[in-house]
Peer 1: 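To start, I am sharing the structure in question, which I have written as C-alpha cells.
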Amino acid sequence: MTEARRRLGVIFGGATVEHVISIRSAQAVMAAASTKRWQIIPFAVSRDGLWLTPDESSRALSIIQKGGREEIAAPAAPRSNRVPQATLAALVACDAVFPLIHGTSGEDGVLQGFIETLDVPYIGSGVAASALAMDKARCKQILREVGIPVAPGIAVSCAAWRDDSVAVIRNASELGYPYFVKPSRGGSSIGAGRVDSREEAADALAAAFACDSEVLIEEAMPSPREIECGVLGSPDGRPPVVSPFGEIRTQRAFYDYIAKYEDPTTELIAPAELDIDLAKQLRHTAVEAWHAVGAEGMVRADFLVDANGRFWLGELNTIPGFTSASMYPRVFEVAGIPLSELIDRLVALAIERRSNAADGRASLDREARQ
Ligand SMILES: Nc1ncnc2c1ncn2[C@@H]1O[C@H](COP(=O)(O)OP(=O)(O)O)[C@@H](O)[C@H]1O
Ligand SMILES: [Mg+2]
C-alpha cells in the first residue's frame, strides 16, 4: 500500500522588502519537496498583505514561471478580509505549513502567532524566538548576557533622535569612525550604512530611522570576513546540528543590498576555509545562541570575523533564504543533506512540536480537573 501524500502549505510573498526573495525561496522549496510524500499547497501573500487562495496562488506562480513579473499581485476583486475563508479552510487542512516570508510580518512572530492560532504545525521558530531574533537590539542584550561576542554599540530611539540629533551624533562618534548604523528590526541591509566621518552621520541615521523606530549604532569591524552557518533542530530535544560554514565575499564596502541581490561578483563559498579552533568556537557559539533565543527548526547564524580570528555574532535569521543561491540549503547540501531531506526533517520537527504542545495541554487539563 502506498502511503497517502500529506499536505504541506508553503507561505510566501508578503508585505516585506524581501517579497521577491521569498517567492524564489518558495519556488526552490516547492521544486525540491518530495512529490511522493508531499502535496504542496501554495499560499501567496501580496505586497499589500492580502492572502490569495491556493488556486489564485498557483495561477500567480505559473505566471511568474512563464516569465511574468516576480510579484504577487493583489486579488483583482476588492476583499473585506485579508485572509479569505477559502484560504483559512485550506490552511487548517494542511498537515504542516512552511512560512517562507522573510522579514517584517513573516519572520518576526506575527505570522507564527497567526498559524499558532489555527493550531497547524509550522516549520521554524515559535512566536517569542522569531520576535527576538528579528529585534537586533533586544537579541544582542540576550546574547551578551550569555557571553556571546556581539558588536559593541548603542540602541537609539526615534524620540531621542527627534529631540536631540546633535547629541545622538556626538554619542555615536564616541565609538570612533567608521561605525555602522542599522534599523533594529530590518533585513537585507536596507537602511544599514557605514559612517566614515561626522559629515555622513546625519544622512545615515535618517536612512536607518526611515526603516524603524529604533536604530543600532555599532562599532565597525574592519574588513570583516562574513561567515555563516546553518543550525537545524534535532528530534526528541537532542542538540541541534550545525552545518559546515560558508563565506560571502563581496567587492563592495560591506555586504549591502546590492551585494546581496544585484552584484554578480558577490561570491558564496561553501565550505569556507576556517581555522579549526575558530570553527569550533563558531559552532559552539551558534548552538549557544540557538538556545539563548529559544530557536526551533532552523536558524542561520551570521558572523563577522576579523583578520586575528576575533568574531562577533552579527545576527540570527529564523527564516533564512532558501533560493537556489542561498546559504542555508547550500551548507546543508555540503553536509550531505539535500534540500528534499532538509524539508522532511523540518516538517517532522514541526509536527513533533505540535504534538508535544498538545500533550502538554492535555496534562494541564487533567491536573486542572483533579
Ligand atoms: N558592526 C559591524 N561591523 C562591520 N560590518 C557590519 C557591522 N554591522 C553590519 N555590518 C555589515 O552590514 C551587513 C548587514 O548587517 P546585518 O546586521 O547583518 O543586517 P541585515 O539584517 O540587514 O542583514 C553585514 O553583513 C556586514 O557586511
Ligand atoms: Mg545580515
Side-chain angles (χ1 to χ4, degrees), residues 16-18 21-22 101-104 106-108 130-141 143-144 148-156 172 174-196 200 204-205 207-212 214-230 245-263 265-269 272 286 289 293 299-308 310-321 323 325-328:
T16 101
V17 288
E18 289 157 299
I21 304 305
S22 169
I101 296 183
H102 311 297
T104 323
E107 194 170 350
D108 58 3
S130 302
L132 188 53
M134 185 75 197
D135 186 328
K136 291 190 176 81
R138 261 135 223 94
C139 195
K140 276 177 68 175
Q141 282 178 11
L143 296 175
R144 216 179 260 129
I148 291 175
V150 291
I154 50 173
V156 181
E174 283 168 18
L175 291 167
Y177 295 99
Y179 58 77
F180 263 86
V181 301
K182 60 181 95 161
S184 180
R185 290 150 294 202
S188 287
S189 300
I190 292 169
R194 197 178 75 183
V195 176
D196 288 308
E200 293 175 11
L205 281 155
F209 276 115
C211 301
D212 196 2
E214 189 170 41
V215 162
L216 283 179
I217 306 177
E218 291 181 349
E219 190 182 310
M221 179 176 278
S223 320
R225 286 179 77 186
E226 311 252 357
I227 303 289
E228 306 184 350
C229 67
F245 289 91
E247 176 165 11
I248 309 281
R249 292 218 189 122
T250 170
Q251 294 175 10
R252 297 182 58 82
F254 71 100
Y255 192 30
D256 63 0
Y257 183 88
I258 293 175
K260 283 179 178 169
Y261 303 120
E262 291 169 10
D263 184 351
T265 67
T266 301
E267 284 178 276
L268 192 156
I269 299 151
V293 302
V299 148
R300 196 189 72 227
D302 298 352
F303 295 94
L304 298 176
V305 181
D306 78 5
N308 302 315
R310 182 179 66 127
F311 68 87
W312 293 331
L313 176 56
E315 60 163 338
L316 295 170
N317 295 281
T318 51
I319 304 193
T323 73
S326 294
M327 189 63 99
Y328 190 88

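Numbering of ligands and ligand atoms starts at 1, following listing order. All residue numbers refer to positions in the sequence shown, counting from 1.
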Peer 1: At what distance is the nearest protein heavy atom to atom 24 (C) of ligand 1, and which residue and atom is it?
Peer 2: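 Checking every protein heavy atom, the shortest distance to atom 24 (C) of ligand 1 gives Glu226 OE1, 3.8 Å.
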
Peer 1: Work out whether the distance between some heavy atom of Asp302 and some atom of ligand 1 is less than 4.0 Å.
Peer 2: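 It does not; every heavy atom stays at 4.0 Å or beyond.
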
Peer 1: With salt bridge (Lys or Arg N to Asp or Glu O under 4.0 Å) as the test, pick out the partner of Arg300 among Glu228, Glu226, Glu107.
Peer 2: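 When salt bridge (Lys or Arg N to Asp or Glu O under 4.0 Å) is applied between Arg300 and each of Glu228, Glu226, Glu107, only Glu228 qualifies.
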
Peer 1: Does any N or O in the side chain of Ser326 come within less than 3.5 Å of the main-chain N or O of Tyr328, such that one atom is a donor and the other an acceptor?
Peer 2: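 The answer is no, because no donor-acceptor pair under 3.5 Å joins these two groups.
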
Peer 1: Which residue supplies the protein heavy atom nearest to atom 12 (O) of ligand 1, what is that atom called, and how far is it?
Peer 2: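 Among all protein heavy atoms, the one nearest atom 12 (O) of ligand 1 is Phe254 CD1, 3.2 Å.
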
Peer 1: For atom 9 (C) of ligand 1, what is the nearest protein heavy atom, given as residue, atom name and distance?
Peer 2: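 It is Lys182 NZ, 3.3 Å.
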
Peer 1: Looking at the Mg ion (ligand 2), which N/O/S atom of Glu315 is the nearest one?
Peer 2: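 The Glu315 atom nearest to the Mg ion (ligand 2), restricting to N, O or S, is OE2.
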
Peer 1: Tell me the protein heavy atom at minimum distance from atom 22 (O) of ligand 1, and give that distance in Å.
Peer 2: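 The closest one turns out to be Ser189 N, 2.6 Å.
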
Peer 1: Out of Tyr257, Phe180, Tyr255, indicate the one that has the non-hydrogen atom closest to atom 4 (C) of ligand 1.
Peer 2: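 That would be Phe180.
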
Peer 1: CZ of Phe311 to CG of Asp306: how many Å apart, nearest 0.5 Å?
Peer 2: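 Spacing of CZ (Phe311) from CG (Asp306) equals 11.0 Å.
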
Peer 1: Give a yes/no verdict on whether any heavy atom in Arg194 is under 4.0 Å from an atom of ligand 1.
Peer 2: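 Under 4.0 Å: no for Arg194.
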
Peer 1: What is the nearest protein non-hydrogen atom to atom 3 (N) of ligand 1, stated with its residue, atom name and distance?
Peer 2: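 Here the closest protein heavy atom is Met221 N, 2.9 Å.
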
Peer 1: Please report which non-hydrogen protein atom sits nearest to atom 18 (O) of ligand 1, along with the residue it belongs to and the distance in Å to one decimal place.
Peer 2: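 Answer for atom 18 (O) of ligand 1: Glu315 OE2, 2.9 Å.
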
Peer 1: Consider ligand 1: state whether an atom of it lies below 4.0 angstrom from any non-hydrogen atom of Ser188.
Peer 2: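 Under 4.0 Å: yes for Ser188.
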
Peer 1: Among all protein heavy atoms in this structure, tell me which lies nearest to atom 21 (O) of ligand 1, with the distance rounded to 0.1 Å.
Peer 2: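 I find the closest protein heavy atom is Lys136 NZ, 2.7 Å.
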
Peer 1: Would you mind checking which non-hydrogen protein atom is closest to atom 23 (O) of ligand 1, with the distance to 0.1 Å?
Peer 2: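 Looking at atom 23 (O) of ligand 1, the protein heavy atom closest to it is Lys260 NZ, 2.8 Å.
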
Peer 1: Taking Glu262 first and then Arg252, would you say they form a salt bridge - that is, a charged N and a carboxylate O separated by under 4.0 Å?
Peer 2: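 No, this pair does not count.
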
Peer 1: Could you tell me whether the side chain of Thr16 and the main chain of His102 form a donor-acceptor pair under 3.5 Å?
Peer 2: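 Between the backbone of His102 and the side chain of Thr16 there is a qualifying donor-acceptor contact (under 3.5 Å).
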
